[in-house]
There are 2 protein chains.
Amino acid sequence: MPTRVPQENRRRRPTRSGVLLSQGLIVETALRLIGEHGPEALSVRRLGSALGCDPSALYRYFRNTDDLVLAVADRIIGDAMEGFNPGPDWVASLREMALRVRAGYLAHPRAAAMASYRVTRRENEFRAVETGVGLLLSAGFAPDRAVRLYLAFIDTVLSHAAMEAACLALPRQQREADQQAWTEVYQTADSEAYPALSTVRGELHAMAESSFEEAVDLLLAALAAHAPAGQR
Amino acid sequence: MPTRVPQENRRRRPTRSGVLLSQGLIVETALRLIGEHGPEALSVRRLGSALGCDPSALYRYFRNTDDLVLAVADRIIGDAMEGFNPGPDWVASLREMALRVRAGYLAHPRAAAMASYRVTRRENEFRAVETGVGLLLSAGFAPDRAVRLYLAFIDTVLSHAAMEAACLALPRQQREADQQAWTEVYQTADSEAYPALSTVRGELHAMAESSFEEAVDLLLAALAAHAPAGQR
DNA sequence: CACTTTGCGTCAACGGTGTTGACATAAGCG
DNA sequence: CGCTTATGTCAACACCGTTGACGCAAAGTG
């Protein structure tokens, strides 16, 4: 089988349309494709024609589509954390960290949705754990508490972001149908069978929105309340 | 087009292999298929042959694959919430609801991973939302706050549960490798480059455990702190 | 019982997907 | 210059979701 992943700077041959392929170019084109034409636009065949090459040429650079998706995810993580420096306020710093992770995921929802549950123990994650645990230590938590609380924090952030990304990664029709359900199907709920739903009927539209910041802020409030006094 | 979703108790014809189709049977078979062979094993064609019928027969019961997936998700919710009755203590009741949803997801990890972020728009979800919102109303929150806070609560529960389920759905080797990373790779972190990691080195094993209860309890603590006085 | 209606299982087909093995060709080295 | 080999191209395979036409048999009616 000729499928192998080459190192950089091997000899290249331009495609029929004159493009020089590379892992970097392929990853960037994949991100562009997703960004321009929606999540469902990422297929080997479409990627091939966007690059002006035969679809099978991509298998010279990635073992399979999954391999390609992971490469894309790696790029996203790097971009999201780039240039982040925690400040003196540990609550505010954790908050910014949360928002950065989320923004990175939402910028490329489909790739994030596909890779979010995959755990890549790499340098970027190393640095993130170091930063997060360091912030909780600076808040005065003992090491064992700091680790447990960091885990609760980062799992909340990651899982919420992944969920949001997964929603965005749905085909438009399904996503919009899910959102409209709250302002349509749920509005017709029988008042007697569902008294609570009936009471909040006018507010159900909020269900279609994101709960990310609400959840993170609630969690951070609980952390601040549990912290040894006067550390913020 | 002959594609329509029938009500229950319409007349039936046995398939060529003698099975009587029904929405319930199809959903159960789908759950079994996913549980045995993973989410990617769920295709209309495979489901058809597992049921002993032509793939296109399924379109008499579900509009399309997405419709089927939503039905599967709703079944999981229903199984998890079966027999649950909220008590007078709204915090304790929300806590039990969280643990039930989690248990339901962990019982079908692979199906849960693919359905967690969907709005099923079906009866079991209806009842769950009714129960949760009702508990927050009983705590004294105004309707708009109750809806927002319920969303933050249920999203935290669902996304955490989905993340756990996704980890469980990984092949054993990969899952164990991820867990061991905390007691192996992370132990070798350079003390100077990663001072915080170095400080908590002996506690990192906790990272391989679940943060579900910790996160839910932190969130519930924040909710209790925000609640109008004396309602618990 | 016979007749009509129609629910629904089956079949064949369309256009999409990821992936692979065989082949051809050009890049770069000796 | 010729050889080796990396790599782009092609054709093919095995899937996928979905649809429209068809016909059987079960339910409804008298």
Side-chain angles (χ1 to χ4, degrees), chain A residues 1-26 29-30 33-34 37-72 110-111 114 170-171 173-174, chain B residues 1-26 29-30 33-34 37-72 114:
Chain A
M1 70 208 68
T3 307
R4 208 181 299 174
V5 179
Q7 26 264 42
E8 295 298 322
N9 298 334
R10 301 293 287 172
R11 70 170 169 226
R12 298 284 156 68
R13 185 161 43 132
T15 85
R16 158 160 277 177
S17 66
V19 184
L20 271 181
L21 293 180
S22 69
Q23 292 206 22
L25 178 63
I26 295 173
T29 306
L33 247 181
I34 297 170
H37 305 300
E40 63 277 8
L42 184 60
S43 79
V44 179
R45 290 176 140 89
R46 257 193 277 255
L47 189 48
S49 71
L51 282 161
C53 71
D54 189 272
S56 63
L58 303 177
Y59 290 86
R60 304 284 178 199
Y61 297 87
F62 300 97
R63 256 178 292 280
N64 48 40
T65 349
D66 206 53
D67 197 28
L68 166 63
V69 167
L70 288 183
V72 170
R110 193 193 197 189
M114 292 176 92
L170 285 174
Q173 262 189 331
Q174 292 173 22
Chain B
M1 73 204 65
T3 307
R4 207 180 301 172
V5 180
Q7 26 266 36
E8 294 297 323
N9 298 336
R10 302 297 285 171
R11 67 168 167 232
R12 297 284 156 67
R13 188 164 38 134
T15 84
R16 158 159 276 177
S17 66
V19 184
L20 271 182
L21 292 181
S22 70
Q23 290 206 23
L25 179 63
I26 294 174
T29 307
L33 252 180
I34 297 170
H37 304 110
E40 65 280 359
L42 183 61
S43 77
V44 179
R45 291 176 140 89
R46 255 193 278 255
L47 189 48
S49 72
L51 284 161
C53 71
D54 189 90
S56 64
L58 303 177
Y59 290 88
R60 303 284 179 201
Y61 297 88
F62 300 96
R63 258 181 294 278
N64 48 39
T65 325
D66 193 57
D67 198 29
L68 168 61
V69 167
L70 291 182
V72 169
M114 72 191 279

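Note on naming: letters A, B, ... go to the chains in the order of the sequence lines (proteins, then strands), and numbering restarts at 1 for each one.
- In this structure, the CG atom of N64(B) is 8 Å from the P atom of dT19(D), given to the nearest Å.
- Residues L25(A) and V19(A) have side chains in contact (heavy-atom distance under 4.5 Å, counting atoms from C-beta outward).
- The listed nucleotides are dT9(D), dT10(C), dG9(C); the one nearest the side chain of Y61(B) is dG9(C).
- If you measure from atom CG of L68(B) to atom C1' of dT18(D), you get 14 Å, rounded to the nearest angstrom.
- The two residues A71(A) and F62(A) make their nearest non-hydrogen contact at CB-CE2, 3.7 Å.
- Across all non-hydrogen atoms, the minimal contact from C53(A) to L21(A) is SG-CD1, 4.0 Å.
- Of the candidate nucleotides dG8(D), dC11(C), dT19(C), dT19(C) has the atom nearest to the side chain of R45(A).
- Residue R46(B) places no side-chain N or O under 4.0 Å from the OP1 or OP2 atom of dC15(D).
- In this structure, of dT18(D), dG9(C), dG8(D), it is dT18(D) that holds the atom nearest to the side chain of T65(B).
- Going from atom CZ of F62(A) over to atom P of dT20(C) covers 15 Å, rounded to whole Å.
- The nearest whole Å value for the distance from the CG atom in L42(A) to the P atom in dG16(C) is 17 Å.
- Side-chain atoms of V44(A) lie closest to dG18(C) of the nucleotides dG18(C), dG9(C), dC10(D).
- The two residues P55(A) and R45(A) come nearest to each other via the heavy atoms CG-CA, 3.9 Å.
- For D66(B), the salt bridge (charged side-chain N to carboxylate O under 4.0 Å, His left out) criterion is met by R118(B), not counting sequence neighbours.
- The interatomic distance linking L20(A) (CG) with dG8(D) (P) rounds to 9 Å, in whole Å.
- A pairwise comparison of heavy atoms in A50(B) and L33(B) identifies CB-CD1, 4.2 Å as the closest pair.
- Shown are L58(B), T65(B), I34(B); of these, the side-chain contact (heavy atoms from CB on, under 4.5 Å) with L47(B) is made only by L58(B).
- Distance R63(A) CZ to dT7(D) C1': 17 Å, rounded to the nearest Å.
- Following rounding to the nearest Å, D54(B) (CG) and dC16(D) (P) show an atom-to-atom distance of 13 Å.
- The nucleotide whose nearest atom lies closest to any side-chain atom of R60(B) is, among dT10(C), dG18(C), dG9(C), dG9(C).
- Taking 4.0 angstrom as the limit, S56(A) places none of its side-chain polar atoms (N or O) nearer than this to OP1 or OP2 of dT9(D).
- When each of dG17(D), dC11(C), dG9(C) is scored by its nearest atom to the side-chain atoms of Y59(B), the top-ranked nucleotide is dG17(D).
- Taking five base pairs at each end of the helix from dC1(C)-dG30(D) to dG30(C)-dC1(D) and finding the rotation axis that steps the C1' atoms of four pairs onto the next four gives two axes whose angle is 10°, to the nearest 10°.
- Atom CG of L58(A) is separated from atom P of dG8(D) by 9 Å (rounded to the nearest Å).
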